[in-house]
Amino acid sequence: MQRSSETIGTIAAALAKAQAQLVNPEKSLTGTIRSDMTGEAERSFRYAPLSSGLDIVRKTLSQHEIATVQTTSIDDTAGIVRLGTVLAHASGEWIASEWPVCAISETAVPHRMGAALTYARRYALFTLVGIAGEDDLDAPDLIAPMTPSQRSEEPPIRKTKGRPNGGPAHSGQAPPELRRRGSNLTRPLDPDASAALRDQLLAGVDDLKSPEQAATWGVQALAAKNTLLPADAERIESAFQVRLSKLASEAAAGSSQAQHRDKKRRRARVDKTVLTLATPRRIRDRDHVKSVAKQPCLVCGRRPADAHHLRFAQSPSLGRKVSDEFTVPLCRGHHREVHRCGDESGWWKSAGIDPSATARTLWLKTHPLPSAIGAGQPKLRNEPNLTGQPQ
């Protein structure tokens, strides 16, 4: 069963990039399936150990800020041990799946449960990230299909001890009925069907309108893409990467144009400080705020401190702080305390501190007065002073 966070746009985009780099692990181990039917030969297959797959998955996914987590739980209702596999992204988004491991009674035999858990971990992880860890043995069943009577008389696979990953019962070979039923999903299509599906997927790529839509489409189309012939699959991947880059560029260009429009609107605004009834200026100076935060707390002298805006220094405005020139340093504790109190002016009086004078001193350190001011030059009646208040 697959589960996910409410949104998967970010992790889907990261996973799509990671899958372009993921490769199937080397099939270095061999499993053998023996048959109890006389005259039927043994069948061997190659598979990759969990350790080699983990090395590939971790190194690739970590480059895209994706972590893998696998945990177990006991389902008392179903009477089985379950394995949960989670792909977690740095953004907080996640995709998970659950895989049945074994019956709860198997916990009494640790080595059997361990073998089943290794098998489940390999299958669950490889399936979730989209890689293959063993040979495809569907073809023999497709070439020589069995009649219903033969299928019903097929004996179960004999279990033997001492085989990798739990012996034949956990060697990665699914029952024949499941192999025949799922073969069309894993076996590559013939050239004509692959070309038709390729054209359909290319049309879907051309219809993508945003990076978020592309990320979602990439996850949904992954299963279909994996059934294509290698040449067709590479063509889909290339077209998807080109389309994704184009959409990202368009989004960046749109953001740049929006910022340019905002700058033009800001330049076109009226300077209300020169009106007859002037409006106080609300200056924003990030460097000054950082400089204030470097000072010790005005009440207790602790460091580090926050730059606190004196709310009573200017008339209130909906959703806007007072000008940055009215900031003083406060430690985190006193900063929270002054925000919780209802009367800030009274809070400062009870502390015996005049914050306005300190704010003015700190402002003049980063914004010294011009030499012309104070030299006897007259000022216009409506010219604002450095505090943003009308004369």
[X] side, atom [atom1]; [Y] side, atom [atom2] - distance, nearest 0.5 Å:
{"X": "R235", "Y": "L201", "atom1": "CZ", "atom2": "CG", "result": "11.5 Å"}
{"X": "I11", "Y": "I95", "atom1": "CD1", "atom2": "CD1", "result": "4.5 Å"}
{"X": "T366", "Y": "E325", "atom1": "OG1", "atom2": "CD", "result": "10.0 Å"}
{"X": "H64", "Y": "K17", "atom1": "NE2", "atom2": "NZ", "result": "7.5 Å"}
{"X": "L298", "Y": "W348", "atom1": "CG", "atom2": "CH2", "result": "5.0 Å"}
{"X": "S97", "Y": "L87", "atom1": "OG", "atom2": "CG", "result": "8.0 Å"}

Quick one: closest heavy-atom pair of [X] and [Y], and the distance?
{"X": "D232", "Y": "A195", "value": "OD2-N, 3.8 Å"}
{"X": "I66", "Y": "L15", "value": "CD1-N, 3.8 Å"}
{"X": "L228", "Y": "S194", "value": "CD2-O, 3.4 Å"}
{"X": "S323", "Y": "Q314", "value": "N-OE1, 2.9 Å"}
{"X": "L244", "Y": "A214", "value": "CD1-CB, 3.7 Å"}
{"X": "V289", "Y": "A307", "value": "CG1-CB, 3.6 Å"}

Side-chain contact, heavy-atom cut-off 4.5 Å: [X] with [Y]?
{"X": "R112", "Y": "C102", "answer": "no"}
{"X": "V81", "Y": "E106", "answer": "no"}
{"X": "L125", "Y": "R121", "answer": "no"}
{"X": "P191", "Y": "L229", "answer": "yes"}
{"X": "V322", "Y": "R282", "answer": "yes"}
{"X": "I131", "Y": "V23", "answer": "no"}

The criterion is ring-ring contact (aromatic ring centres under 6.0 Å, His included); which residues satisfy it with H309, sequence neighbours excluded?
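By the ring-ring contact (aromatic ring centres under 6.0 Å, His included) rule, H309 matches no residue at all.
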Partner set under ring-ring contact (aromatic ring centres under 6.0 Å, His included) for H89, not counting sequence neighbours
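Counting only residues at least two positions away or on another chain, H89 forms no ring-ring contact (aromatic ring centres under 6.0 Å, His included).
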With distance as the sole test, does [X] use its side chain to make a donor-acceptor pair with the main-chain N or O of [Y] at under 3.5 Å?
{"X": "S291", "Y": "D287", "answer": "no"}
{"X": "T85", "Y": "A124", "answer": "no"}
{"X": "E93", "Y": "T10", "answer": "yes"}
{"X": "E344", "Y": "H339", "answer": "no"}

For R332, give me all partners under salt bridge (charged side-chain N to carboxylate O under 4.0 Å, His left out), at least two apart in sequence or on another chain.
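Partners of R332 under the salt bridge (charged side-chain N to carboxylate O under 4.0 Å, His left out) test: D306.
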Can you sort out the partners of R303 under salt bridge (charged side-chain N to carboxylate O under 4.0 Å, His left out), two or more places apart, ordered by chain and number?
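By the salt bridge (charged side-chain N to carboxylate O under 4.0 Å, His left out) rule, R303 matches no residue at all.
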With clusters defined by side-chain heavy atoms of hydrophobic residues (ILVMFWY) lying less than 4.5 Å apart, directly or transitively, does [Y] cluster with [X]?
{"X": "F312", "Y": "I353", "value": "yes"}
{"X": "I74", "Y": "M113", "value": "no"}
{"X": "I80", "Y": "Y119", "value": "no"}

What's in the same ILVMFWY side-chain cluster as [X], cut-off under 4.5 Å, chained through other members?
{"X": "V86", "answer": "V69, W94"}
{"X": "V242", "answer": "none"}
{"X": "L362", "answer": "V292"}

Once salt bridge (charged side-chain N to carboxylate O under 4.0 Å, His left out) is applied, what residue pairs with a partner in residues 67-89 remain, sequence neighbours excluded?
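Listed by first then second residue: D75-R82.
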Which residue pairs satisfy the salt bridge (charged side-chain N to carboxylate O under 4.0 Å, His left out) criterion with at least one member in residues 237-256, sequence neighbours excluded?
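Found K225-E237.
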Classify the angle between the aromatic ring planes of Y123 and W99 as parallel (below 30°), tilted (30 to 60°) or perpendicular (above 60°).
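Y123 vs W99 ring planes: tilted.
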Can you label the angle between the W363 ring and the H367 ring as parallel, tilted or perpendicular, going by 30° and 60°?
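Parallel: the ring planes of W363 and H367 meet at under 30°.
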Pair up each side-chain donor or acceptor in residues 48-61 with any protein partner under 3.5 Å, not counting sequence neighbours, and list the distances.
from: S52; atom 1: OG; to: P49; atom 2: O; distance (Å): 3.0
from: T60; atom 1: OG1; to: I56; atom 2: O; distance (Å): 3.0

Should the heavy atoms of other residues, nucleotides or ligands under 6.0 Å from CZ of R284 be counted, would the total exceed 12?
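Yes, CZ of R284 has more than 12 neighbouring heavy atoms, counting only those of other groups under 6.0 Å.
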Is atom CD of E26 surrounded by more than 12 heavy atoms (other residues, nucleotides or ligands) closer than 6.0 Å?
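Open.
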Partner set under side-chain contact (heavy atoms from CB on, under 4.5 Å) for A305, not counting sequence neighbours
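For A305, the residues satisfying side-chain contact (heavy atoms from CB on, under 4.5 Å) (neighbours in sequence not counted) are P329.
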Could you give all pairs that pass the ring-ring contact (aromatic ring centres under 6.0 Å, His included) test and reach residues 203-223, with sequence neighbours left out?
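Every ring-ring contact (aromatic ring centres under 6.0 Å, His included) pair that includes a residue of residues 203-223, provided the two are not neighbours, is W217-F240.
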Would you please test H308 and H334 for side-chain contact (heavy atoms from CB on, under 4.5 Å) and show each step?
CA-CA 10 Å; H308 169 67; H334 286 114; over 6 Å; no
